A.B. asks: 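Shown below is the structure under consideration.
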Amino acid sequence: MTQYILRRIGYMILTLFIIATVTFFLMKLMPGSPLKAEDKLTEEQKQIVLESYGLNDPVPVQYVRFLGNLVQGDLGISYNFDNTPVTEILVERLGPSMQLGLYAVLIGTFFGIILGLIAAIFHNGFWDYTSTIIAVLGTSIPSFVFAGLLQYIFAVELGWLPVALWGEPKHMVLPIIALAIGPMATAARFVRTEMIEVKGSNYIITAKAKGLSKSERVWKHGLRNALIPLVTVMGPMIISLMTGSMVIEKIFAIPGIGEQFVTSVMVNDYPTIMGTTLIYAFGFIVILLIIDLLYGLIDPRIRVTGGSK
Amino acid sequence: MRSKKWSVLLAAALLVSMILAACGGGKDENSSKDSTGGDAAKSAEQVLNFINGDYIPSMDPSKVTDEFGFQFVGATMEGLYRLGEDGEIKEGIAKGEPEVSEDGLTWTFKLREDAKWSNGDPVTAHDFVYSWQRAVNPETGSEYGPYMMAGVILNADKIAAGELSVDELGVKAVDDYTLEVQLANPTPYFESLTTFGTFMPLNQKFVEEHGENFATTEATLLFNGPFVLDVENDNQHITQANQWKLVKNENYWDADTVQLKEINFVVSKDPQTNVNLYNQGEVDRAGLSADLVDQYVSHDDFRIVPDTAVFYLKMNQVRKGKETPLANENIRKAINNAIDREALVNVLNNGSIAATGLIPKDFVHVPGGGDFREENGDLATYDVDAAVEAWNKGLEELGVDSIELELLTGDSEGAVQTFNENLAYQLEQNLPGLKINIKPVPFKQRLDLNTAQDYDLQVSGWGPDYLDPYTFLSLFVTDGGNNKMGYSNEQYDALIAETVETSDADVRYNNFLEAEKILIEEAGIAPLYQKGVTLLQSPKIQGEIVNKFGARYEWKWAYVAE
């Protein structure tokens, strides 16, 4: 087990290195410079400022310098925000995004599982169709449509919740619901399909024959097996929600990382682009590792052991 | 089986009706419920609540380059002068008018002795010397320093290029309260320049004490203006704060004039959200995008605020070293005459007005005369007959019967995109044989293509950096850094060059008027529109000034009406 984890961590570092390298060179292909008054400066004036950023050096030199700093945990200073270290930006902006994302995933999957279960239990009945329709709508309608709708109904019309802004718990309600609808629909669909399949499987029939009650069959034997495929899709979902949704953050005026990332690409803020990409990649890889370890907990058959080779 | 089908239908109907009910409400609701209640108590208080369109990327006067940086540097600091109503020069740290030498090159400013920094230190002439030197020092890495000062203050260009040391800059403190400035050229608009963010004074001791951290947090900022900036967490990076306040600066020399106690800001970027916040009375102003304008145009609080940025069509005469069809004057004139600007600004639907020249309306006055724009008249007009005549002549001269041109534009969606499509359509419709290919690209790429002069037509814009027509007209001198379209006219160059050398206002303005006529009449560019801003704004805001350049709003004289 330890050996397995160590090997995975080794791969993780390699993956991060490759991602950092590819992003670095792709970034250099983007048009324009990080200068802000590019259209106003003469060529000489531009060169002087670029020189101070170290951007006049050959790209390989910049690359080596970047890697050197990265190893020391230094992501550099933003080109867009004066004298602001990228780590500072990540810390400030990741907080709100992660909070929202985490709550959205937890709440979304919780209700998704319930919805999926109901659908599977009442297979082909009224509740099945209702929950399937909710799931289909949830997957096909983009979250910003829900966001606009929620804002309009609950903030503008009913006045129960704030329109937007950030700081108090009440500001989180609407964005969380808007974000949770996606994971809810996904979870509902997976749980329903799997449960229906599991319901007809031999071991459930055996359990039934042994005289186990319906609730025991569903909770103890059914759900556990039905969750495996869900766990697989959960990983990417968690990380993409926790690293922020540009549109939701814009609609609810949340100081999150999603919107910041897009801005940094628009203004060629190289250090911030790198920092955000790496954090995203790092989170993704870590979550994947956790998911792989989780499989074992849910299904002993795929438990990784030291002697798995 | 039948009951199953019914349940599907029932479930679907339920959901659809729920959603429809939610959507339907949006149509008939309108300005019916504005800020309800609670406002009566607030209005007596001298507090305003605004939305800011973005974070503040920098509060360091030497390094600020963007709208919001200039806005908050402007509100919290004060240079030699401030801008009043209609661009009028008001006293700032300088007392009275400067003393100007006969050649217009030496300017002496007397400073007031009661101006203080927010830590109690006096604001002296040394603070200006230090700040201006810092702005052009290549080590600072300032973009606006060299841009604003080169060619204006003696030796600024050479210092920025690293050829001279900073103490050779033409600015010195004769004594603590007398500042002497040596200019490179007589610059009659120099007073207006000193209101600009880059020219604010800096307290050397304070700046050096904080080194790299200067101007990054509330604790590392020092103010000398009407307001101080207040972030809830003193140690938070200002660039990362999504809400902050301007609080009246009790140490400001003219604090008696300042009536506002507090202005709150919060970052919010979505126009619909902003309007919702406005309707709930959370904020006192909200910008409107084109789609929202139709909905709110009859709202009592609807306002159009004119802007001084002008947009025009650049016509590239030399692309990658080869002459384009646009090198032909008749072709250019045809394009200039074939644009129905009134129709285009209707598409934009944001308060923009048709531009008929390069200098915007309500920007500068001709000495002893009216508005520059009115004095020079409508130089660019929509005249299809003239356009077709010029077009056919041009085609004949070039010996072709059709022309294909690329139109380089930004990649924003919505009204701007429709604008570009309409422009292309108008040109193709009015000029037979013309084919326009629109090429929408991101902003940075457009700048790259512009620098490489790799385009035929380009929708481009310019906002002024000081109160003088030179800020616009210097763009198109032969080989000018911003020309990048192969436009060259000796007479135009001579007229503009003379405005730099002389301080005679009449000569300068006559030259500006003449130069603009040449530029538009031979269609070096085709003016398109002068930008406007549409918004909902609370009538309780009084005395606020919208500046023509630099910091957009001036709140020193603003107050909340009862």
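This is a predicted model, so every value here is computed, not measured. Throughout, a chain's letter reflects where its sequence line sits, starting with A, and its residues are numbered from 1.
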A.B. asks: Checking heavy atoms, do the side chain of A:Leu35, its backbone, both or neither come under 4.5 Å from chain B?
C.D. replies: both
A.B. asks: A:Ser78 versus chain B, heavy atoms under 4.5 Å apart: side chain, backbone, both or neither?
C.D. replies: neither
A.B. asks: Let's test your reading of the structure: which of B:Leu475, B:Val441, B:Leu447, B:Asp54 forms the most heavy-atom pairs below 4.5 Å with chain A?
C.D. replies: B:Leu447
A.B. asks: Under a 4.0 Å N-O cut-off, is there an ion pair linking A:Glu38 with B:Lys444?
C.D. replies: yes
A.B. asks: Among A:Leu165, A:Val267, A:Thr42, which residue forms the greatest number of heavy-atom pairs with chain B at distances under 4.5 Å?
C.D. replies: A:Leu165
A.B. asks: Do you know which of B:Thr273, B:Leu277, B:Asp66 has the most heavy-atom pairs with chain A at a distance under 4.5 angstrom?
C.D. replies: B:Thr273
A.B. asks: Keeping the roles fixed (side chain from A:Asn83, backbone from B:Glu212), state whether a donor-acceptor pair exists under 3.5 Å.
C.D. replies: yes
A.B. asks: Using a cut-off of under 4.5 Å for heavy-atom pairs, which of B:Ser268, B:Pro146, B:Gly141, B:Ala150 has the most such pairs with chain A?
C.D. replies: B:Pro146
A.B. asks: Does B:Glu143 pair with A:Lys40 as a salt bridge, N-O distance under 4.0 Å?
C.D. replies: no
A.B. asks: At a heavy-atom separation under 4.5 Å, does A:Trp166 approach chain B through its side chain, its backbone, both, or neither?
C.D. replies: both
A.B. asks: To the nearest 0.5 Å, how far apart are CG in A:Asp82 and OG1 in B:Thr239?
C.D. replies: 8.0 Å
A.B. asks: CD of A:Gln45 to OG of B:Ser142: how many Å apart, nearest 0.5 Å?
C.D. replies: 9.5 Å
A.B. asks: What do the steps show when you test B:Gln240 against A:Thr84 for side-chain hydrogen bond (donor to acceptor under 3.5 Å, both in side chains), and what is the final call?
C.D. replies: CA-CA 8 Å; B:Gln240 299 306 304; A:Thr84 312; 4.8 Å; no
A.B. asks: So, taking the atom named CZ in A:Phe144 and the one named CG in B:Asp270, what distance separates them when rounded to the nearest 0.5 Å?
C.D. replies: 11.0 Å
A.B. asks: Which of the residues A:Asn268, A:Val49, A:Asn80, A:Ile89 is involved in the greatest number of heavy-atom pairs with chain B at under 4.5 angstrom?
C.D. replies: A:Ile89
A.B. asks: Are more than 12 heavy atoms, taken from residues, nucleotides or ligands other than A:Gln47, located less than 6.0 Å from that residue's CD atom?
C.D. replies: yes
A.B. asks: Given heavy-atom pairs under 4.5 angstrom as the criterion, report whether the side chain, backbone, both or neither of B:Asn276 touches chain A.
C.D. replies: both
A.B. asks: Heavy-atom pairs under 4.5 Å with chain B - which of A:Arg93, A:Met30, A:Gln151 has more of them than the others?
C.D. replies: A:Arg93
A.B. asks: Within the distance-only criterion (no hydrogens, no angle test), does the side chain of B:Asp448 pair as donor or acceptor with the backbone N or O of A:Gly32 below 3.5 angstrom?
C.D. replies: yes
A.B. asks: Counting only heavy atoms closer than 4.5 Å, note whether B:Asn274 contacts chain A via side chain, backbone, both or neither.
C.D. replies: neither
A.B. asks: Looking only at heavy atoms and a cut-off of under 4.5 Å, which of A:Glu88, A:Glu51, A:Glu44 has the most pairs with chain B?
C.D. replies: A:Glu88
A.B. asks: Nearest 0.5 Å, please: how far is CD in B:Gln272 from OH in A:Tyr152?
C.D. replies: 9.5 Å
A.B. asks: For the CG atom of A:Asp39 and the CZ atom of B:Arg446, what is their distance to the nearest 0.5 Å?
C.D. replies: 8.0 Å
A.B. asks: Are the side chain of B:Gln280 and the backbone of A:Ala155 linked by a donor-acceptor contact shorter than 3.5 Å?
C.D. replies: yes
A.B. asks: Between A:Pro96 and chain B, with a heavy-atom cut-off of 4.5 Å, which part of the residue counts as in contact: side chain, backbone, both or neither?
C.D. replies: neither
